[in-house]
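Chain letters run A, B, ... following the sequence lines, proteins first, then strands; residues in each count from 1. Because only heavy atoms are used, hydrogens play no part in the values below, and waters and symmetry mates are left out as well, while side chains stay in.
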Number of protein chains: 2
Amino acid sequence: MASTLRDVARLAGVSVKTVSNVVNGYPHVSPDVRRRVEAAVAELHYRPNASARNLRTGRTGVLALVLPTTDLPYAGDLARAVVHAAAQQGYRVVVAHEDQPTSSGLHDARMIPVDGVLVGAPVTPGEVGRAVAATGPPVVLIGSAPPDQRCDRVSIDVAQAAEDATNHLLRAGRRRIAAIGERPAVSPHPGTPGYHRALRRAGLAPVPGRLLPAQHHRRADGYRAARELLVGPDRPDAILCSSDPLAIGAMRAAFDVGLRVPDDVAVIGIGDIEEGRYSRPTLSTVAVDTGFLAREAVARLAVRIGQPDAALADIVAPHTVLPRESTDATPR
Amino acid sequence: MASTLRDVARLAGVSVKTVSNVVNGYPHVSPDVRRRVEAAVAELHYRPNASARNLRTGRTGVLALVLPTTDLPYAGDLARAVVHAAAQQGYRVVVAHEDQPTSSGLHDARMIPVDGVLVGAPVTPGEVGRAVAATGPPVVLIGSAPPDQRCDRVSIDVAQAAEDATNHLLRAGRRRIAAIGERPAVSPHPGTPGYHRALRRAGLAPVPGRLLPAQHHRRADGYRAARELLVGPDRPDAILCSSDPLAIGAMRAAFDVGLRVPDDVAVIGIGDIEEGRYSRPTLSTVAVDTGFLAREAVARLAVRIGQPDAALADIVAPHTVLPRESTDATPR
DNA sequence: GTGAAAGCGCTAACAT
DNA sequence: ATGTTAGCGCTTTCAC
């Protein structure tokens, strides 16, 4: 059986309060008593019961990060950054992997005793609404979530990123620019307005057939969509992908149908995953500042935990276009 | 403030016990009362307090999966599989991302109230020992952990996988086979014996300079090590990498020094990450059955949670060599 | 500096 | 079928 404070107190010949003081580093304990207590703790392999502590204090020191199980472009980087940022503020982090885009991963995460939840997975507005309405740990949206009037959000400007990427392709001389990334399942892809804006400013009319949906951010989705674009009539000379894995799949599709990247078709993604620095060709992309995302989101969450009624924040993280080989050639 | 069972009971005009019954789906509740209680629950946005429940019952229904923050080859697949397998058994899963190989990630995970811990990150034997000695949730090693006398383990036979991969290279006609993956920081790489065994059986003497260490399983580590091998004297005609990310980095290094894969140097990894199916060339690898790993590990853990004194198990998961383009050519 | 006692929200016995 | 009560392990007043 696990030993309790009482067991330790009995063995050390002191009261539970004193043991509690020692365990929690309370300063006013005589050195002699401290030593006795520490010896007893070691002997009994005492470990404080987190649930009891949490029940009493109302706080856990843990944040949950909800991430999709299907590749989120920069999920690994984001998780790393969040763990780091949270540690700075004295929080530990658990990652809850959400099964399906529309599942109750958020709901599940809120069944785990945590002080706050960072939602990096695509969730429906309805889910967010329910989570915010219900009493329970506060929620902060992180990454590329659509704006929400009911909770804090730290995110990149996806439309702006798409516009910048499209402009990069235009500057490289491309004119027949396709896009992969509309996700009708959850919500219209938020990058589309930026893509259209860039085209219009260049005097180009958006062609409906050049905007293809992808179910998830997986290489296979990019492959499928790109192949469809590249073997069809009116072949594009560039493809904007709403995430790097989609772009990796698109590059492979081009290769498989006998086209060269970037000579025949340029490809650009969003996310700057490490894979794109080692692919052939290396992948042009829009880098997201995951450190910024993580720091700001954790900071917002920490504030809201302390002050549930603080004003809502909507923070935009910076991004940068990173030109690499996959967009580096001028078209024929 | 969050509402409690008492609040709900008061509003519904029943006792706390009845509310508890309704919330937990206890069958013997009259339909009328059930409706009243459910209405009260909804009105007050009641959510059960997980900590109180856990304190009372001694169980959480949650398993922790400890994973390294630095790329574990197939971490994503494994996490997905574990979440799925755990759900089948009625457990939720939280992932704890361990900061450094030798950090106290395991210790941290055990400070989160969970029923059991799956350790997929490289941990030192000392850590495992402490975790097992201390009272607390049981631990099962999963993935490619070295054998341990003190706790259950479900893992692939890393030495056998290395031997099989080396044999694949030998069959492809390679003779000067190098290996990347020794990690002196934590422990000697467990694949090395298999690599040596295969060489010896082919009548080849292991060349010490052809075994290079990698700090982590990152592409950059593979790049660095491979580059060193490929620009040095006595250039190898094949490289066995102990993980796929290392192999991806190695392929890029070959390309950067003007060598062709597989013509000049063959490359094979271990793990079968999706990236290797889209790389150029596609990456030969040893596929690990993550579904098996996850199912067996969760099953073992579930058993041990119920019976702390059950006999220790050491289960070996199957693996398969997957020949792809990166080892497909005969040497010059 | 240390001890005694109350109570966080919940479930499990037991009672009705 | 529903109500009453004790207590899980801890922290936190409040005494001393």
Side-chain angles (χ1 to χ4, degrees), chain A residues 1-41 44-62 110-115 134-137, chain B residues 1-41 44-62 110-115 134-137:
Chain A
M1 260 321 287
S3 43
T4 74
L5 270 189
R6 283 186 54 172
D7 302 328
V8 177
R10 194 153 32 205
L11 181 61
V14 296
S15 77
V16 280
K17 168 72 162 98
T18 302
V19 180
S20 177
N21 284 343
V22 171
V23 169
N24 294 316
Y26 185 69
H28 302 294
V29 185
S30 71
D32 173 48
V33 170
R34 160 156 285 138
R35 221 172 313 105
R36 286 221 311 282
V37 170
E38 277 164 354
V41 163
L44 296 175
H45 294 299
Y46 169 75
R47 288 165 9 94
N49 180 315
S51 296
R53 184 177 277 181
N54 172 223
L55 176 57
R56 185 63 242 237
T57 63
R59 63 184 307 282
T60 62
V62 178
R110 291 161 56 84
M111 288 293 358
I112 293 166
V114 294
D115 294 340
T135 53
Chain B
M1 260 320 288
S3 44
T4 75
L5 270 190
R6 284 186 54 175
D7 301 329
V8 177
R10 193 155 32 207
L11 181 60
V14 296
S15 77
V16 283
K17 168 72 161 97
T18 303
V19 179
S20 177
N21 284 344
V22 172
V23 170
N24 294 317
Y26 186 70
H28 302 293
V29 184
S30 72
D32 173 47
V33 170
R34 161 158 282 137
R35 221 172 314 106
R36 285 222 313 281
V37 171
E38 276 164 354
V41 163
L44 295 174
H45 295 300
Y46 169 75
R47 288 165 10 94
N49 180 316
S51 295
R53 184 177 277 182
N54 171 223
L55 176 58
R56 184 63 241 237
T57 62
R59 62 184 308 283
T60 61
V62 178
R110 289 162 57 82
M111 289 290 3
I112 293 165
V114 295
D115 294 340
T135 53

Enquirer: Within this structure, what is the CG-CG distance for the pair A:Asn49 and B:Leu55, rounded to the nearest 0.5 Å?
Expert: 6.0 Å
Enquirer: Distance from A:His45 atom NE2 to A:Asp7 atom CG, nearest 0.5 Å?
Expert: 13.5 Å
Enquirer: Between P on D:dT11 and CZ on A:Arg59, what's the gap in Å once rounded to a whole number?
Expert: 12 Å
Enquirer: Both B:Thr57 and B:Arg34 contact DNA chain D. Which one's nearest nucleotide lies toward the 5' end?
Expert: B:Arg34
Enquirer: Output the rounded distance in Å from CG (B:Asn24) to P (D:dT2).
Expert: 15 Å
Enquirer: Output the rounded distance in Å from CG (B:Asn49) to C1' (D:dG9).
Expert: 14 Å
Enquirer: Whole Å only: how far is the CG atom of B:Leu5 from the C1' atom of D:dT2?
Expert: 15 Å
Enquirer: To the nearest Å, give me how far apart CZ (A:Arg53) and C1' (C:dG7) are.
Expert: 18 Å
Enquirer: Looking only at non-hydrogen atoms, find the nearest pair between B:Asp115 and B:Gly58 and report the distance.
Expert: OD1-O, 4.3 Å
Enquirer: Give the rounded distance in Å between these two atoms: CG of A:Asn21 and P of D:dT11.
Expert: 9 Å
Enquirer: Select one nucleotide: of D:dC8, C:dC10, D:dT11, the one nearest the side-chain heavy atoms of A:Arg56.
Expert: D:dT11
Enquirer: If the cut-off is 4.0 Å, is A:Thr4 near the phosphate of D:dC8, judged by side-chain N/O to OP1 or OP2?
Expert: no
Enquirer: May I ask you to test the B:Arg10-B:Ser3 pair for a side-chain heavy-atom distance under 4.5 Å?
Expert: no
Enquirer: Hey, can you pull the residues of residues 7-17 of chain A with a non-hydrogen atom under 4.0 angstrom from DNA chain C?
Expert: A:Val14, A:Ser15, A:Lys17
Enquirer: Hey, can you pull the donor-acceptor pairs under 3.5 Å for the side chains in residues 19-28 of chain A, sequence neighbours left out?
Expert:
from    : atom 1 : to      : atom 2 : distance (Å)
A:Ser20 : OG     : A:Asn24 : ND2    : 3.4
A:Asn21 : OD1    : A:Lys17 : NZ     : 2.9
A:Asn24 : OD1    : A:Arg53 : NH2    : 3.4
A:Asn24 : ND2    : A:Ser20 : O      : 3.1

Enquirer: Is there a side-chain contact between B:Thr18 and the phosphate of D:dG3, meaning an N or O under 4.0 Å from OP1 or OP2?
Expert: yes
Enquirer: Rounded to whole Å, please give me the gap between OH in B:Tyr46 and C1' in C:dG9.
Expert: 7 Å
Enquirer: When rounded to the nearest 0.5 angstrom, what distance separates CG in B:Leu5 from OG1 in B:Thr18?
Expert: 10.5 Å
Enquirer: Tell me the interatomic distance from B:Arg36, atom CZ, to D:dA1, atom P, rounded to whole angstroms.
Expert: 15 Å
Enquirer: With sequence neighbours left out, write down each residue that passes side chain to side chain donor-acceptor pair (under 3.5 Å) with A:Arg34, or none if nothing qualifies.
Expert: none
